[in-house]
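Inspection log for the structure reproduced underneath, given as structure tokens.
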Amino acid sequence: PPTLPPPPPTLPPPPPTLPPPPPTLPPPSPYREQEDFVSLSFPTISSSGPNGAIIHYFPTPDTDRKLSLDELYLCDSGGQYKDGTTDVTRTVHFGTPTDKLKEAFTYVLKGHIALCSVVFPSKLQGVRIEVLARAPLWSVGLDYKHGTGHGVGAFLNVHEGPQGINQRWADEGLYAGMVVTDEPGFYEDGEFGIRIENVVIVKNANTKYNFGGGGYLTFEPITLVPIQNKMMIPQLLTPDEIEWLNRYNATCFEKVGELLRQQGKMDVLHWLERETEPIG
């Protein structure tokens, strides 16, 4: 029989498919300069005028508004850092606020100070002290439709339980070392929104007595952003409230101002100095 040809040589396997090149990343933003910054902790709520009355407003092309000298601007923002999580809201006016705006802002501020200054028994639920933030507003027939405070994680969830300060549920008791927010507000539908929010840490209070032996607690702000003086009516504040405000703004200037000097940001330092001038 005829001789069969030899079998064809075995072909080598095809080369492995190479992964696509990584996408080209945009250059880092000049506004994200902190070394430990990782990301936003939630989408920024940036609202002016009537948009500020929408508590969780999100900008869209149909609702965007230009900043003006005639309307309030509310900004609720936060970041995730390797050493912690932030959440802060400030309401400011770039022109001359009306008496109506200043009155509403001042009553919100009074509630913010009252809650931050309270001394209370250890393990007390936050819902038991929330009334302090609402009472100044209630006294003139005003209120707001959201909780007054939520727990904050450390490089974790910006809204994180079990602790909180909210009349809608009976939450976990408060213990030293817990972190919550203090954020009363007021919102006039179709006109404006006001909110003042600090992150505060629960700490031991130095009381004369210790009934029950369980200890007493209070709050200390760990957010350091000045509260705009021109948005308030000083005559509506008590001497203790004025002292609290001046002490808080002075702490902002002392601690943040030193960092601005180290970074050479003198224009921002001069702005901070103006914004933290004492009142009263």
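Of all non-hydrogen atoms in M231 and L101, the two that sit nearest each other are CE-O, 3.9 Å. Closest heavy-atom contact between T148 and A133: CG2-CB, 3.6 Å. Contact between K230 and P97 at its shortest, heavy atoms only, is O-CG, 3.5 Å. When every heavy atom of S117 is checked against every heavy atom of W244, the shortest pair comes out as OG-CD1, 3.5 Å. The two atoms that bring V119 and A205 nearest to each other are CG1-CB, 3.9 Å, heavy atoms only. The shortest non-hydrogen separation linking C252 to L272 is O-CD2, 4.0 Å.
Around the CZ atom of R65, the shell of radius 6.0 Å holds more than 12 heavy atoms that belong to other residues, nucleotides or ligands. Annotation: D83, atom CG; neighbour count of heavy atoms from other residues, nucleotides and ligands within 6.0 Å is above 12.
Looking only at side-chain heavy atoms (C-beta outward), Q228 and H93 come within less than 4.5 Å of each other. Looking at heavy atoms from C-beta onward, P221 lies in side-chain contact with C116 at the 4.5 angstrom threshold. For the pair V200/L115, no side-chain contact is recorded, criterion being any heavy-atom separation below 4.5 Å from C-beta on. Side-chain atoms of R134 and L137, non-hydrogen and from C-beta on, never get closer than 4.5 Å to each other. Looking only at side-chain heavy atoms (C-beta outward), T238 and K110 come within less than 4.5 Å of each other. Considering only heavy atoms from C-beta on, P121 stays 4.5 Å or farther from F211 through its side chain. The shortest distance between side-chain heavy atoms of N166 and V127 does not fall below 4.5 Å. A 4.5 Å side-chain heavy-atom check between N249 and E275 finds every atom pair outside the cut-off.
In this structure, E130 contributes its side chain and Q167 its backbone to a donor-acceptor pair below 3.5 Å. In this structure, the side chain of T91 engages the main chain of R195 through a donor-acceptor pair within 3.5 Å. A donor-acceptor pair under 3.5 Å is formed between the side chain of T85 and the backbone N or O of F155. In this structure, the side chain of T106 engages the main chain of K102 through a donor-acceptor pair within 3.5 Å. Checked by atom type and distance alone, the side chain of E197 never pairs as donor or acceptor with a backbone atom of T181 at under 3.5 Å. Side-chain atoms of H112 do not come within 3.5 Å of backbone N or O of V108 as any donor-acceptor pair. Side-chain atoms of Y73 do not come within 3.5 Å of backbone N or O of S46 as any donor-acceptor pair. Listed for the N198 side chain is no donor-acceptor partner under 3.5 Å among the backbone atoms of I222. At distances below 3.5 Å, at least one donor-acceptor pair connects side-chain atoms of E160 with backbone N or O atoms of N157. Panel note: side chain K145, backbone Y187; no donor-acceptor pair is recorded below 3.5 Å.
With salt bridges taken as basic N to acidic carboxylate O contacts below 4.0 Å, one links E258 and R261.
Atom-to-atom distance recorded for L174:CG and T218:OG1 is 11.0 Å, nearest 0.5 angstrom. Taking CD1 of I165 as the reference point, atom CD1 of I129 lies at 5.0 Å (rounded to 0.5 Å). Atom CG of L142 is separated from atom CD of E103 by 7.5 Å, given to the nearest 0.5 angstrom. The line from CG of N51 to OH of Y57 is 4.0 Å long, rounded to the nearest 0.5 Å. The line from CZ of F94 to CG of L69 is 9.0 Å long, rounded to the nearest 0.5 Å. Rounded to the nearest 0.5 Å, atoms OG1 (T276) and CG (L245) are 10.5 Å apart.
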**Report entry** Y209 vs Y216, side chain to side chain contact (heavy atoms under 4.5 Å, CB included): CA-CA, chis, key distance, verdict
**Finding:** CA-CA 9 Å; Y209 303 107; Y216 286 75; over 6 Å; no
Query raised in the report: H146 and E183: side-chain hydrogen bond (donor to acceptor under 3.5 Å, both in side chains), yes or no, with the steps?
Result: CA-CA 9 Å; H146 60 73; E183 50 179 305; 5.0 Å; no
Query raised in the report: After noting the C-alpha distance and the side-chain angles of V88 and S77, does the key distance pass the side chain to side chain contact (heavy atoms under 4.5 Å, CB included) rule?
Result: CA-CA 6 Å; V88 53; S77 63; 4.2 Å; yes
Requested in this report: Report the C-alpha distance between Q163 and V202 in whole Å, list the side-chain angles of each, state the deciding distance to 0.1 Å, and finish with yes or no for side chain to side chain contact (heavy atoms under 4.5 Å, CB included).
Outcome: CA-CA 11 Å; Q163 76 275 20; V202 183; over 6 Å; no
Query raised in the report: Which is it for E273 and F253 under the side chain to side chain contact (heavy atoms under 4.5 Å, CB included) test, yes or no, and what are the steps along the way?
Result: CA-CA 6 Å; E273 186 174 17; F253 181 72; 3.6 Å; yes
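Using bins of under 30°, 30° to 60° and over 60° for the plane-to-plane angle, the ring pair F219/F120 lands in the tilted bin.
A continuous path of ILVMFWY side-chain contacts below 4.5 Å connects F186 to L109, so both sit in one hydrophobic cluster. Cluster membership for I242 and I196, using ILVMFWY side-chain heavy atoms within less than 4.5 angstrom, is shared. Residues L132 and Y248 fall into different hydrophobic clusters, defined by Ile, Leu, Val, Met, Phe, Trp and Tyr side chains chained together at heavy-atom separations under 4.5 Å. A single hydrophobic cluster is not seen to contain both I194 and V92; linkage of ILVMFWY side chains at heavy-atom distances under 4.5 Å, directly or through other members, places them apart. There is no path of hydrophobic side-chain contacts, each under 4.5 Å, that joins L224 to I201.
Using a 3.5 Å distance cut-off with no hydrogens or angles, the side chains of Q80 and S41 do not pair a donor with an acceptor. A donor-acceptor pair shorter than 3.5 Å can be found between the side chains of D76 and T89.
With V199 as the fixed residue, the side chain to side chain contact (heavy atoms under 4.5 Å, CB included) test singles out one of V180, D87, T86: D87.
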